[in-house]
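Remember, it's a predicted structure, so these values are computed and weren't measured experimentally.
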Amino acid sequence: MSEDKFDASLDLLRRLDPHSIEKNLTSICSLITASKNADTELVEELLSAVDVPLSVAQCKDSGKEYLCCDYNRDGDSYRSPWSNKYYPQPEDDYDQPPPYPSSILRQLEIKANDAFDIYRDLYYEGAGISSVYFWDTAEDEDEEEDLSNGFAGVVLFKKETSDQSGKWDSIHVLEVIPDTKSTSTYKLTTSVILDLQHKSENGLSLSGNLTRQLESSITADINNGVNLETSHLINIGTLIEKAEYNIRNLLQEVYFDKLKDIMLKDLRSINGGGDKSINDNQKDIIKGLQSL
């Protein structure tokens, strides 16, 4: 029964306006919790499975902004990658303390945030916000101090235009699985949420998301003075760069090229005759599209 509700919720979200996906997801979760048989596990599954635009918070200790998602959330609190603290501070009466990365993984997380902040500055033209979060995957807590057991993480990017008419959210969920002492398998799932709102009389709107996966087995070149941690960062950065390049090209083909093709070739005047000219309303839409 719970599985049917989960599938029905995802099916409904696919058919609703992607521009309002966060509002629609909240409404569905409210309906589930308000029912007689409230299923909190189903709500958690939906929140984990559905990608929504990233929210922004400010770290009180460092003053820097960071991105919030389900991977750095504990209840209503979100962990800052800069201070490693949760804001707002979780209640003391929690059954379990909020999760934190192990000390060695925290050091790698700090380096990753610095590295991807440089990546954001170069690839996003100095704008936007980036955040990186890592967590341990070893079942035995005694093994957490050694990256040889692998780890998982998420790399986040968010950029908005100055007038907030264009928004880009990039979510890269990764898992590092060691095969040998020097070789690891990297699994990467990339989701991009695009939202364009042209503020014109016609109100042109273009919203949606795209998800792709990459998997690669890479041998660390640790014989040339590069340690294992640095090698992981290099490999993760290379894969994310490749994933973003591929998905940008897909968005170009799916969203822009196809839409321009529809506007310019398929839509014709309804005035009859052999006239192939596009009417005034269609011209306005095309101008709006070209200015995005």
Margin query: For T137 versus N149, what's the shortest heavy-atom pair and its separation?
Written below: OG1-O, 3.9 Å
Notebook entry, point to check: Roughly how far, to the nearest 0.5 Å, is the CG atom of N235 from the CG atom of L174?
Noted result: 11.5 Å
Margin query: Using only atom types and a distance under 3.5 Å, with no angle test, would you say the side chain of Q58 pairs donor to acceptor with the backbone of K64?
Written below: no
Next item on the list: Check side-chain contact (heavy atoms from CB on, under 4.5 Å) between V173 and all other residues, then give those that pass, not counting sequence neighbours.
Entry: Y71, V154, I171
Check: How would you list, by chain and number, every residue that makes a salt bridge (charged side-chain N to carboxylate O under 4.0 Å, His left out) with R212, sequence neighbours excluded?
Finding: none
Next item on the list: Not counting sequence neighbours, which residues clear side-chain contact (heavy atoms from CB on, under 4.5 Å) with T33? List them please.
Entry: V43
Check: Does a salt bridge link R73 with D70, judged by any charged N lying under 4.0 Å from a carboxylate O?
Finding: yes
Checklist line | Contact summary for A243 and L214, nearest pair of heavy atoms | finding: CB-CD1, 3.8 Å
Notebook entry, point to check: Same hydrophobic cluster for I240 and Y186, using side-chain heavy-atom links shorter than 4.5 Å among ILVMFWY?
Noted result: yes
Next item on the list: Enter the distance from T190:OG1 to E244:CD here, rounded to the nearest 0.5 Å.
Entry: 7.0 Å
Margin query: If the condition is side chain to side chain donor-acceptor pair (under 3.5 Å), which residues does E45 pass it with, not counting sequence neighbours?
Written below: none
Check: Can K85 and D61 be said to form a salt bridge (Lys or Arg N to Asp or Glu O under 4.0 Å), step by step?
Finding: CA-CA 9 Å; K85 294 181 179 179; D61 282 27; 2.7 Å; yes
Next item on the list: Return yes if some donor-acceptor pair links the side-chain N/O of K159 with the main-chain N/O of Y124 below 3.5 Å, else return no.
Entry: yes
Check: Taking atom CG of L156 and atom OH of Y66, what is their separation to the nearest 0.5 Å?
Finding: 12.5 Å
Next item on the list: Take E109 and L105, measure what side chain to side chain contact (heavy atoms under 4.5 Å, CB included) needs, and give me the verdict at the end.
Entry: CA-CA 6 Å; E109 185 181 78; L105 197 58; 5.9 Å; no
Next item on the list: Check the pair L194, N209 against side chain to side chain contact (heavy atoms under 4.5 Å, CB included), reporting the backbone distance first and the verdict last.
Entry: CA-CA 6 Å; L194 181 66; N209 62 73; over 6 Å; no
Check: Can you list the steps and then say if Y100 with Y86 is a ring pair (Phe, Tyr, Trp, His ring centres under 6.0 Å)?
Finding: CA-CA 10 Å; Y100 292 94; Y86 282 87; 5.3 Å; yes
Margin query: For the residue pair T185 / E215, report whether a side-chain donor-acceptor contact shorter than 3.5 Å exists.
Written below: no
Item checked: Side chain T183, main chain D179, donor-acceptor under 3.5 Å -> no
Margin query: Could you tell me if the side chain of R79 sits less than 4.5 Å from the side chain of P101, heavy atoms only?
Written below: yes
Notebook entry, point to check: Is a side-chain N or O of S231 found less than 3.5 angstrom from the main chain of N227, in a donor-acceptor match?
Noted result: no
Next item on the list: List for me each residue that meets side-chain contact (heavy atoms from CB on, under 4.5 Å) alongside D117, sequence neighbours excluded, and say none if there are none.
Entry: R120, S130
Margin query: Just verifying a value: how many Å separate I177 CD1 and S217 OG, rounded to the nearest 0.5 Å?
Written below: 10.0 Å
Item checked: Exam field: side chain T161 to backbone G166, donor-acceptor pair closer than 3.5 Å -> yes
Check: Does D136 use its side chain to pair, donor to acceptor, with the backbone of S102 at less than 3.5 Å?
Finding: yes
Note to self: Do F6 and V50 sit in one hydrophobic cluster, given that two such residues count as connected whenever their side-chain heavy atoms are within less than 4.5 Å of each other, even indirectly?
What the structure shows: yes
Note to self: Is it true that S62 and S83 share a donor-acceptor pair across their side chains at a distance under 3.5 Å?
What the structure shows: no
Note to self: When you measure from the side chain of N24 to the backbone of S20, do you find a donor-acceptor pair of N or O atoms at a distance under 3.5 Å?
What the structure shows: yes
Note to self: For F157 and Y119, I'd like to know if the aromatic rings sit close, meaning centre-to-centre distance below 6.0 Å.
What the structure shows: yes
Notebook entry, point to check: When rounded to the nearest 0.5 angstrom, what distance separates SG in C29 from CG in L42?
Noted result: 7.5 Å
Check: Would a hydrophobic clustering, with Ile, Leu, Val, Met, Phe, Trp and Tyr connected at side-chain separations under 4.5 Å, put L16 with L46?
Finding: yes
Next item on the list: Check the hydrophobic clustering (I, L, V, M, F, W, Y; side-chain heavy atoms under 4.5 Å; chains of links allowed) and say if Y245 and Y123 are grouped together.
Entry: no
Note to self: Count I, L, V, M, F, W, Y as connected when their side-chain heavy atoms are under 4.5 Å apart, and connections chain through other members. Are L54 and W168 then in the same cluster?
What the structure shows: no
Next item on the list: Would you give the length of the straight line joining atom CH2 of W82 to atom CD1 of I110, rounded to the nearest 0.5 angstrom?
Entry: 10.0 Å
Margin query: Under a 3.5 Å threshold, yes or no: a donor from one side chain and an acceptor from the other, between H232 and T230?
Written below: no
Margin query: Pair D169, V192 - check side chain to side chain contact (heavy atoms under 4.5 Å, CB included), show working.
Written below: CA-CA 6 Å; D169 294 90; V192 168; over 6 Å; no
Item checked: Nearest non-hydrogen partners of L188 and L239, listed with the distance -> CD2-O, 3.8 Å
Check: Just checking, is any N or O donor in the side chain of Y78 or N72 under 3.5 Å from an acceptor N or O on the other one?
Finding: no
Next item on the list: Show your reasoning for whether side chain to side chain contact (heavy atoms under 4.5 Å, CB included) applies to K242 and T238.
Entry: CA-CA 6 Å; K242 181 179 179 180; T238 301; 5.7 Å; no
Next item on the list: Using the test side-chain contact (heavy atoms from CB on, under 4.5 Å), find all partners of K60 that sit at least two apart in sequence or belong to another chain.
Entry: Y87
